[in-house]
Amino acid sequence: MLLVLSEEHKEHLAFLPQVDAAVVGEFGRIALEFLRRGTNPKIYEGAARKLCVPVEMVQHGVEGLMFLMTESSKHMISEVDFLDSVLVLGFGEELNQTLLQLYLQHHSQIRSILSQLPSNLPAYHNLEWRLDVQLASRAVRQQVVPMLTLRLLLTGGGNGGNDRSGRVLQTDPSTLLHLISTLEAALAAMKTSHARRIFRNIK
């Protein structure tokens with residue numbers, strides 16, 4: 001899977017080639033700290049004074065780096081996909097490798113932090129299913145009509161964060177098999193070189 005960066009995020013990250021690898025690593029540390037405890041304007045101001053650049057430039061650089069690291073960690077993208085994702089930024093090989101090492105070093109910790117953050121989106125909890133087969137009806141005495149009933153259990157999405165809800169879905173086996181094969185084909189297509197080239201050129 002490749003990340004799709006918006007023009008705004010690309011602009012924020014455009015500041016990184018102006019600093020050396022050590023500063024990029026420090027920005028990564030700041031981004032991780034902000035993810036844990038929230039932003040601190042004083043740190044932006046201190047870094048801006050050292051680099052002799054506007055505070056907004058430092059803030060945008062850290063926020064852009066935070067987005068890159070959190071989204072990559074959230075989707076657990078591979079090293080190859082990470083490098084392919086940052087190619088659109090036009091950075092040099094050295095900076096790309098620095099960002100990759102930053103991601104590899106912190107992605108487990110970032111995922112741990114993200115798992116503890118409250119979310120308004122429901123998350124998967126469990127799946128229950130039942131297969132019903134209708135063998136006859138008043139109109140047709142002998143028939144076989146299978147129907148699969150799924151109950152998707154979700155957690156979160158409420159004010160408390162621990163609320164549970166359920167969604168009941170019904171489908172026949174042939175439709176379910178078609179859905180599975182379509183999704184598997186889509187996932188396989190995402191890994192092709194053609195798909196990678198398209199993602200690299202998305203603006």
Side-chain angles (χ1 to χ4, degrees), residues 1-124 155-157 161 187 190-191 195-203:
M1 174 183 177
L2 300 183
L3 295 180
V4 179
L5 302 174
S6 68
E7 288 301 319
E8 182 182 12
H9 288 125
K10 291 177 184 177
E11 290 175 7
H12 288 178
L13 292 167
F15 168 64
L16 296 182
Q18 302 178 34
V19 298
D20 58 30
V23 175
V24 174
E26 179 65 14
F27 278 10
R29 187 195 65 78
I30 293 172
L32 197 64
E33 193 66 22
F34 285 176
L35 193 59
R36 287 198 199 96
R37 304 181 182 180
T39 58
N40 185 342
K42 291 183 179 179
I43 296 181
Y44 288 142
E45 293 168 2
R49 280 196 300 270
K50 290 180 182 178
L51 297 171
C52 299
V53 296
V55 176
E56 292 78 11
M57 188 175 289
V58 173
Q59 180 178 348
H60 290 165
V62 172
E63 289 175 351
L65 193 56
M66 187 187 302
F67 175 83
L68 180 64
M69 294 296 127
T70 53
E71 288 301 303
S72 300
S73 301
K74 188 187 302 180
H75 298 291
M76 299 177 65
I77 66 175
S78 65
E79 295 182 31
V80 173
D81 285 344
F82 183 89
L83 289 174
D84 284 346
S85 298
V86 298
L87 275 179
V88 297
L89 299 172
F91 295 161
E93 180 64 22
E94 183 179 354
L95 180 53
N96 287 344
Q97 288 297 323
T98 299
L99 294 174
L100 174 62
Q101 292 307 313
L102 202 60
Y103 165 60
L104 295 176
Q105 182 180 354
H106 296 297
H107 72 90
S108 296
Q109 193 173 2
I110 292 172
R111 281 184 61 81
S112 176
I113 295 171
L114 292 176
S115 68
Q116 298 171 20
L117 296 178
S119 173
N120 292 326
L121 297 176
Y124 170 84
T155 58
L187 289 173
M190 288 284 291
K191 298 176 182 179
R196 291 179 187 277
R197 284 195 297 270
I198 292 174
F199 275 107
R200 286 173 190 158
N201 291 284
I202 291 178
K203 300 298 183 182

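Atom CD1 in Ile110 sits 9.0 Å away from atom NE2 in His107 (nearest 0.5 Å). Rounding to the nearest 0.5 Å places CG of Asp84 at 12.0 Å from CD of Glu79. With values rounded to the nearest 0.5 angstrom, Met57 atom CE is found 14.5 Å from Tyr44 atom OH. With rounding to the nearest 0.5 angstrom, the CG atom of Leu100 is 11.0 Å from the CG atom of Leu95. Taking CD of Gln105 as the reference point, atom CE of Met69 lies at 10.5 Å (rounded to 0.5 Å). Separation of atoms CG (Leu104) and OG (Ser72) is listed at 10.0 Å; rounding is to 0.5 Å.
Taking the side chain as every heavy atom from C-beta outward, Leu99 and Phe91 approach each other to under 4.5 Å. At least one side-chain heavy atom of Leu83 sits under 4.5 Å from a side-chain heavy atom of Gln97.
In this structure a side-chain-to-backbone donor-acceptor pair under 3.5 Å is missing from Ser112 to Ser108.
Heavy atoms of other residues, nucleotides or ligands lying less than 6.0 angstrom from CD of Glu94 number 12 at most.
Nearest heavy-atom pair across Met76 and Tyr103 is C-OH, 3.7 Å. Among all heavy-atom pairs drawn from Ile77 and Phe82, the shortest one is CD1-CA, 3.6 Å. A pairwise comparison of heavy atoms in Leu102 and Gly28 identifies CD2-CA, 3.8 Å as the closest pair. In plain terms, the two heavy atoms of Gln109 and Leu32 that are nearest each other are OE1-CD2, 3.5 Å. Closest approach of Leu87 to Asn96, counting heavy atoms only: CD2-ND2, 4.4 Å.
A salt bridge does not link Glu45 with Lys42: every distance from a Lys NZ or Arg NE/NH1/NH2 to an Asp or Glu carboxylate oxygen is 4.0 Å or more.
Shown here are the side chain to side chain donor-acceptor pair (under 3.5 Å) partners of Glu71, two or more places apart in sequence or in another chain: Lys74.
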